[in-house]
**Student:** 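Okay, here's the structure, questions in a sec.
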2 protein chains.
Amino acid sequence: MSRLNELRMIARVAQMYYVEKQRQADIAKHLRMSQATVSRMLKKAQEEQIVRTTVVAPSGTYAELEAGLREHFGLSEAIVVECSEDRDGAIMARIGEAAAHFLEATLQPDEIIGVSSWSETILRMVDNIHPMKSGKAKYVVQTLGGMGDPAVQTHANQLTTRLARLTGAEAHLLSAPGVAQSREAKLVLLGDPYVRETMDLFSKITLAIVGIGAIEPSSMLARSGNVFSSRELSDVTDAGGVGDISLRFFDSSGDPVRTPLDERVIGMTLEELSNVERVIGLAGGQSKTEAIRGALQAGVLDLLVTDKFTSARLLRSGPES
Amino acid sequence: MSRLNELRMIARVAQMYYVEKQRQADIAKHLRMSQATVSRMLKKAQEEQIVRTTVVAPSGTYAELEAGLREHFGLSEAIVVECSEDRDGAIMARIGEAAAHFLEATLQPDEIIGVSSWSETILRMVDNIHPMKSGKAKYVVQTLGGMGDPAVQTHANQLTTRLARLTGAEAHLLSAPGVAQSREAKLVLLGDPYVRETMDLFSKITLAIVGIGAIEPSSMLARSGNVFSSRELSDVTDAGGVGDISLRFFDSSGDPVRTPLDERVIGMTLEELSNVERVIGLAGGQSKTEAIRGALQAGVLDLLVTDKFTSARLLRSGPES
DNA sequence: CGGTGTAATGCATATTTATTCATGCATGAT
DNA sequence: ATCATGCATGAATAAATATGCATTACACCG
């Protein structure tokens with residue numbers, strides 16, 4: 001049997017088992033196969049990600065940390081997730097789950113979602129969103145161009161598209177590099193009608209989901225490919241930059257770090273972001289602590305989802321002003 | 001224990017079970033409780049929405065449409081096939097493929113298959129069946145006579161024979177015209193021992209495969225040759241007939257349309273059909289929509305294979321009684 | 001304090017699910 | 001054609017999970 005039909009069958013079995021809660025033996029009888037086969041199909045359904053199971057820790061577990069974050073940084077909400085170990089992979093997964101859960105729970109009808117389809121944490125979030133039956137959101141808008149590498153571009157587009165499908169929204173992609181070759185090149189790209197259309201939506205976004213990036217040689221180099229020169233990178237660090245949101249950099253007190261690079265980035269600015277009704281920041285992990293602190297100081301976030309270790313660090317060393 | 005702590009505990013257990021994939025007994029040992037308690041906590045985790053499981057349909061399949069068809073029309077199964085364009089030729093080909101796959105996957109040993117060797121869609125199905133090495137089915141029974149034209153007769157016989165060969169079954173042909181010249185002629189033909197033998201098998205059929213025909217001047221004339229008078233044709237339409245299965249007509253609410261023609265048809269009746277364990281209907285395309293709806297209302301089908309356009313039409317305009 | 005009702009727990013076991021094993025079939029090399 | 005190999009399948013069975021029932025713990029009340 002063709003692969004598509006096989007997956008179709010598996011999906012059907014999974015539907016009967018998990019949604020309709022029939023027993024394997026009954027499903028087997030219905031579809032004229034053995035119970036063993038049904039069991040195997042269900043296993044395959046897990047492997048193929050046709051069924052996904054997520055565990056969300058009830059929020060409020062770290063009420064004190066959450067309250068601390070809200071208070072110190074003027075957030076309207078903070079979500080601190082349980083996390084067994086202070087390791088980036090595990091942290092991203094848990095933050096993603098919690099963010100997905102939050103999004104599902106609070107998404108309003110006809111919302112326009114902006115997403116900087118860039119961070120692994122956001123990817124984890126999308127992985128954990130469960131499809132919403134009735135179209136909830138209106139548009140999902142990509143707020144930062146892709147990167148030079150077309151494979152990455154595709155990846156970014158897919159993330160945006162998937163999020164749109166899951167929320168029943170229409171995707172508006174930003175088919176441009178995140179960083180243009182020059183200021184002039186950027187102007188040319190902005191002339192593209194599709195790019196313009198998407199960017200015009202920036203001001204209409206009601207809910208923005210952003211990752212927070214740290215400036216570290218390792219991660220920066222890894223992700224920049226060849227779009228940043230090391231000169232530009234040092235411009236940013238020399239000016240005190242500690243992190244970025246959608247490639248807009250800021251220093252440890254949250255003030256924007258303006259460099260010539262800004263002129264080349266195709267994406268939402270911090271100022272545009274601060275006009276959005278709800279801005280959700282997703283980040284955690286040792287290496288991102290200072291970047292997150294900077295982002296919080298910048299005051300663009302309304303909500304932060306982070307892990308218990310990072311939140312403790314944020315509160316410990318800088319109860320601040 | 002406080003409710004929050006209880007939920008935390010449940011989340012922890014759920015985490016260990018669903019994410020870390022530990023067994024309940026091990027979790028129980030680790031947390032010093034009984035396996036029964038773990039099981040109960042997991043059940044509670046479901047209720048409290050701490051774990052959520054969703055089934056995502058692989059793209060290119062139409063789980064919602066299938067579910068809709070099952071639900072609205074009380075089918076035990078429905079298969080909706082992908083189809084790039086709403087054009088009869090393409091649709092028949094895809095339906096045929098899917099039906100063939102389904103048949104191969106669910107055919108039981110010693111099954112007695114009835115086939116109204118008449119529609120192009122069924123022909124497409126037979127084209128796509130992969131020979132089964134070990135004799136699976138027992139008999140393939142032709143459930144409707146051929147047509148006056150000997151060439152068509154041959155064609156019908158060949159289809160039946162091919163299906164029999166492919167399934168490793170013995171063919172039982174119905175060597176008679178599908179429509180006798182008169183009631184009396186029919187009685188004479190029924191006297192033939194071979195005809196009788198085949199027709200006696202009708203009640204033993206465990207799996208019937210039928211096409212669904214629309215009543216349209218064009219197709220009717222095309223296929224009728226000179227067996228129907230236009231008078232008889234209008235009898236059927238005047239009585240509200242919208243379609244047929246094996247030349248047994250029904251109206252839009254699925255009620256049989258009885259005309260003198262019935263007395264002349266040599267083939268299985270709708271009533272006989274409804275006694276068959278599994279009845280698979282194959283049909284799709286704009287022109288057949290209402291015929292299919294009638295057939296579904298008649299309640300003789302257990303399974304429908306159709307295309308996405310038609311299934312959408314069936315569900316759109318008539319969420320029905 | 002004891003009494004009483006409620007809920008939680010663990011044990012034993014029923015039920016359900018996963019796995020092992022033997023078999024049959026297809027595929028591909030020789 | 002013949003044989004080896006791998007894969008899918010179902011029957012039997014092992015493993016895992018759910019549940020009935022008795023018991024215990026605990027809160028609340030007189």
**Student:** Keeping to residues at least two apart or across chains, list the salt bridge (charged side-chain N to carboxylate O under 4.0 Å, His left out) pairs with something in residues 15-31 of chain A.
**Tutor:**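 Every salt bridge (charged side-chain N to carboxylate O under 4.0 Å, His left out) pair that includes a residue of residues 15-31 of chain A, provided the two are not neighbours, is R23(A)-D26(A).
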
**Student:** Quantify the bending of the helix from dC1(C)-dG30(D) to dT30(C)-dA1(D) as the angle between its end axes, each fitted on five pairs, to 10°.
**Tutor:** 30°

**Student:** Applying salt bridge (Lys or Arg N to Asp or Glu O under 4.0 Å), name anything that partners E104(A), two or more places apart in sequence or on another chain.
**Tutor:**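 Once residues adjacent in sequence are excluded, the partners of E104(A) under the salt bridge (Lys or Arg N to Asp or Glu O under 4.0 Å) criterion are R52(B).
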
**Student:** Treating primed atoms plus P, OP1 and OP2 as sugar-phosphate and everything else as base, which nucleotides of nucleotides 7-23 of chain C get B, S or - for protein heavy atoms under 4.0 Å?
**Tutor:** --BBB----SBBBB---

**Student:** For D127(A), which residues count as a side-chain hydrogen bond (donor to acceptor under 3.5 Å, both in side chains) partner, sequence neighbours excluded?
**Tutor:**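 With neighbours one apart ignored, the set is R162(A).
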
**Student:** Can a salt bridge be assigned to the pair R313(B) and D86(B) using a cut-off of 4.0 Å between side-chain N and carboxylate O?
**Tutor:**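 Salt bridge flag = yes for D86(B) with R313(B).
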
**Student:** Nearest whole angstrom, please: distance from the C1' of dT9(D) to the CE of M9(A).
**Tutor:** 14 Å

**Student:** May I ask you to say whether R248(B) pairs ionically with E271(B), meaning some side-chain N is under 4.0 Å from a carboxylate O?
**Tutor:** no

**Student:** Tell me whether the guanidinium CZ or amine NZ of R12(A) lies under 6.0 angstrom from the six-membered ring centre of Y18(A) and within 45° of its axis.
**Tutor:** no

**Student:** With sequence neighbours excluded, what pairs up with Y139(B) under the ring-ring contact (aromatic ring centres under 6.0 Å, His included) test?
**Tutor:**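 Expected list: H172(B).
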
**Student:** Do R94(B) and E97(B) meet the salt-bridge criterion of a basic N to acidic O distance under 4.0 Å?
**Tutor:**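 Salt bridge flag = yes for R94(B) with E97(B).
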
